[in-house]
J.: 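Sending over a structure as structure tokens; questions will come in a sec.
Below, chain A is the first sequence line, B the second, and so on; all start at residue 1.
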There are 2 protein chains.
Amino acid sequence: MARTPAKVPSGEVYERIVDAALRLFTERGYFNTTVPDVARAAQVSVGSIYHHFKDKEDVARALYLDLIARMQQALTEIAGGHASAHDRCRAVMAMLFELTESDRDAMDFMLYAKHRDFLPSERPVCSSKPFETMRKFVQEGMARGEIRGMDVMVATSCLFGGAIRLITARLDGVLAEPLPAKLDEVWACAWRGIAA
Amino acid sequence: MARTPAKVPSGEVYERIVDAALRLFTERGYFNTTVPDVARAAQVSVGSIYHHFKDKEDVARALYLDLIARMQQALTEIAGGHASAHDRCRAVMAMLFELTESDRDAMDFMLYAKHRDFLPSERPVCSSKPFETMRKFVQEGMARGEIRGMDVMVATSCLFGGAIRLITARLDGVLAEPLPAKLDEVWACAWRGIAA
DNA sequence: GTCTATATCATGATAGAC
DNA sequence: GTCTATCATGATATAGAC
């Protein structure tokens with residue numbers, strides 16, 4: 001028990017590796033990125049990477065779980081700051097749009113990467129905690145009579161599906177304008193579709 | 001000009017290769033599939049594959065372009081059979097849901113694969129002809145006053161975003177029920193969001 | 001803990017017989 | 001046109017010095 005307080009992310013090298021990996025994995029894709037590539041970008045040696053991580057897949061997994069956790073953190077804060085399903089879900093959409101602009105790579109890796117191909121043991125994104133939380137927001141809104149009664153998965157998909165589609169379009173470079181500028185329009189459509 | 005009528009897909013072997021590749025690429029992913037894997041699954045030799053295709057990427061490209069073309073064909077038929085944007089777009093959603101059930105692999109490879117990683121020269125899916133056609137349907141509906149005035153990309157994303165999200169959930173095995181059973185509910189939400 | 005250098009292995013692609 | 005057998009490349013992962 002009296003060990004160093006260094007949890008899993010021990011020190012600065014770990015951070016550099018993860019940051020470089022995120023950038024390269026999103027730019028070129030996981031399979032087009034070699035461990036020496038990551039080493040070079042992170043300014044560390046190959047051996048150092050294999051000291052901190054079991055293998056390349058382990059780097060991707062750490063990255064993925066970390067991003068999921070950060071997203072879940074953001075959702076928890078939103079839940080604390082807003083009472084109604086309407087306000088919570090709108091805040092979620094705003095947060096997703098802002099994150100896409102401020103941390104493009106993170107969003108790309110979380111929403112757009114095919115994790116199934118390189119993290120076969122992980123569950124699909126839509127089964128992850130953050131997506132569950134979003135469904136919970138919708139479920140509660142339905143119980144409170146804010147949202148019309150229907151299959152929760154359908155309602156959540158309709159509410160956020162348009163936004164997610166725009167995010168991927170933005171990540172593909174198809175949308176020139178920053179997403180937050182579209183928030184009002186997208187939200188209006190999405191909410192109108194499922195509001196009671 | 002007096003050559004054999006065999007266009008690009010020449011004969012049965014070509015078909016077997018493409019079919020096997022589609023199945024393996026969606027099951028294991030492009031990078032987790034080797035050319036000998038495809039050869040074994042297609043019951044042909046490795047040399048035969050390299051006779052018909054330049055390399056592995058060329059197989060994926062043929063597959064992708066063929067699926068896009070088939071999708072575009074379906075959209076053209078829908079345009080011919082329905083006049084209003086409402087009817088056309090509803091028919092598109094129904095077609096997407098049915099195709100997901102009847103040809104899961106095709107849908108997976110078209111909508112869910114990260115083409116950018118292995119077909120860097122191709123444009124992103126949302127810039128492809130079928131997606132353009134879907135936007136055209138929406139655009140025309142807006143001009144006719146069926147759909148409220150707004151950014152066309154936003155409207156199209158909102159209209160089909162929920163359905164696409166459900167399709168990926170279904171492909172991930174998260175949804176137990178066949179998609180067509182949800183069509184009425186999804187369509188109602190989607191159309192309500194953007195109808196004038 | 002971090003580095004360099006390297007062993008091992010599997011893949012994509014080819015050669016040449018039939 | 002199709003096959004079998006093989007090669008060359010380059011990746012992952014490790015060994016061992018510092």
Side-chain angles (χ1 to χ4, degrees), chain A residues 3-64 113-115 117-121, chain B residues 3-64 113-115 117-121:
Chain A
R3 292 178 60 101
T4 90
K7 297 273 288 198
V8 177
S10 58
E12 183 195 341
V13 173
Y14 182 100
E15 305 279 344
R16 285 223 305 279
I17 296 169
V18 170
D19 287 351
L22 173 59
R23 187 157 47 80
L24 293 175
F25 287 169
T26 55
E27 269 174 17
R28 318 178 179 177
Y30 175 84
F31 292 101
N32 296 317
T33 303
T34 71
V35 175
D37 286 340
V38 177
R40 214 170 306 120
Q43 311 249 48
V44 301
S45 70
V46 173
S48 195
I49 293 180
Y50 280 99
H51 174 77
H52 287 280
F53 301 92
K54 187 174 153 287
D55 50 22
K56 192 171 89 163
E57 183 180 321
D58 197 39
V59 178
R61 180 174 299 110
L63 203 45
Y64 178 65
K114 257 211 116 181
H115 311 106
D117 286 357
F118 52 89
L119 294 176
S121 56
Chain B
R3 292 179 58 102
T4 90
K7 295 275 287 199
V8 178
S10 59
E12 183 196 342
V13 172
Y14 183 99
E15 305 279 344
R16 285 222 304 278
I17 294 169
V18 170
D19 288 350
L22 174 59
R23 188 157 45 80
L24 292 175
F25 288 170
T26 55
E27 269 174 18
R28 318 176 178 177
Y30 174 84
F31 291 101
N32 295 320
T33 302
T34 71
V35 177
D37 286 341
V38 177
R40 215 172 304 122
Q43 310 249 49
V44 301
S45 71
V46 172
S48 195
I49 292 180
Y50 280 99
H51 175 77
H52 287 280
F53 301 93
K54 187 175 153 288
D55 51 20
K56 191 170 90 164
E57 184 179 320
D58 197 39
V59 178
R61 180 174 300 108
L63 203 45
Y64 178 65
K114 260 211 113 181
H115 311 106
D117 286 357
F118 53 90
L119 295 176
S121 55

J.: Write down the atom of B:Ala39, the atom of B:Val46, and the distance for their closest heavy-atom approach.
T.: CB-N, 3.8 Å
J.: Under 3.5 Å, side chain of B:Asn32 to main-chain N/O of B:Arg28, donor-acceptor pair present?
T.: yes
J.: Within this structure, what is the NE2-to-P distance between B:His52 and C:dA13, rounded to whole angstrom?
T.: 17 Å
J.: Figure out the CZ/C1' separation between A:Arg16 and C:dC3, and round it to whole Å.
T.: 13 Å
J.: Between C:dG1 atom P and A:Glu15 atom CD, what is the distance in whole Å?
T.: 14 Å
J.: Rounded to whole Å, how long is the line connecting atom CD1 of B:Ile49 with atom C1' of C:dA13?
T.: 12 Å
J.: Using ring-ring contact (aromatic ring centres under 6.0 Å, His included) as the criterion, list what pairs up with B:Tyr30, not counting sequence neighbours.
T.: B:Phe25, B:Phe118
J.: So if I define the base as every atom that isn't primed, P, OP1 or OP2, how would nucleotides 4-18 of chain D read as a B/S/- string at a heavy-atom cutoff under 4.0 Å?
T.: B------SSBB----
J.: Would you call A:Asp19 and A:Arg16 a salt bridge, taking side-chain N to carboxylate O under 4.0 Å as the test?
T.: no
J.: Output the rounded distance in Å from CZ (B:Arg40) to P (D:dC3).
T.: 14 Å
J.: Does B:Lys114 come within less than 4.0 Å of A:Asp117, counting only side-chain N to carboxylate O?
T.: no
J.: Using every non-hydrogen atom in the two residues, find where B:Val35 and B:Ile49 come nearest and quote the distance to one decimal.
T.: O-CD1, 3.9 Å
J.: At less than 4.0 Å, is any side-chain N or O atom of B:His51 found next to OP1 or OP2 of D:dG1? Yes or no.
T.: yes
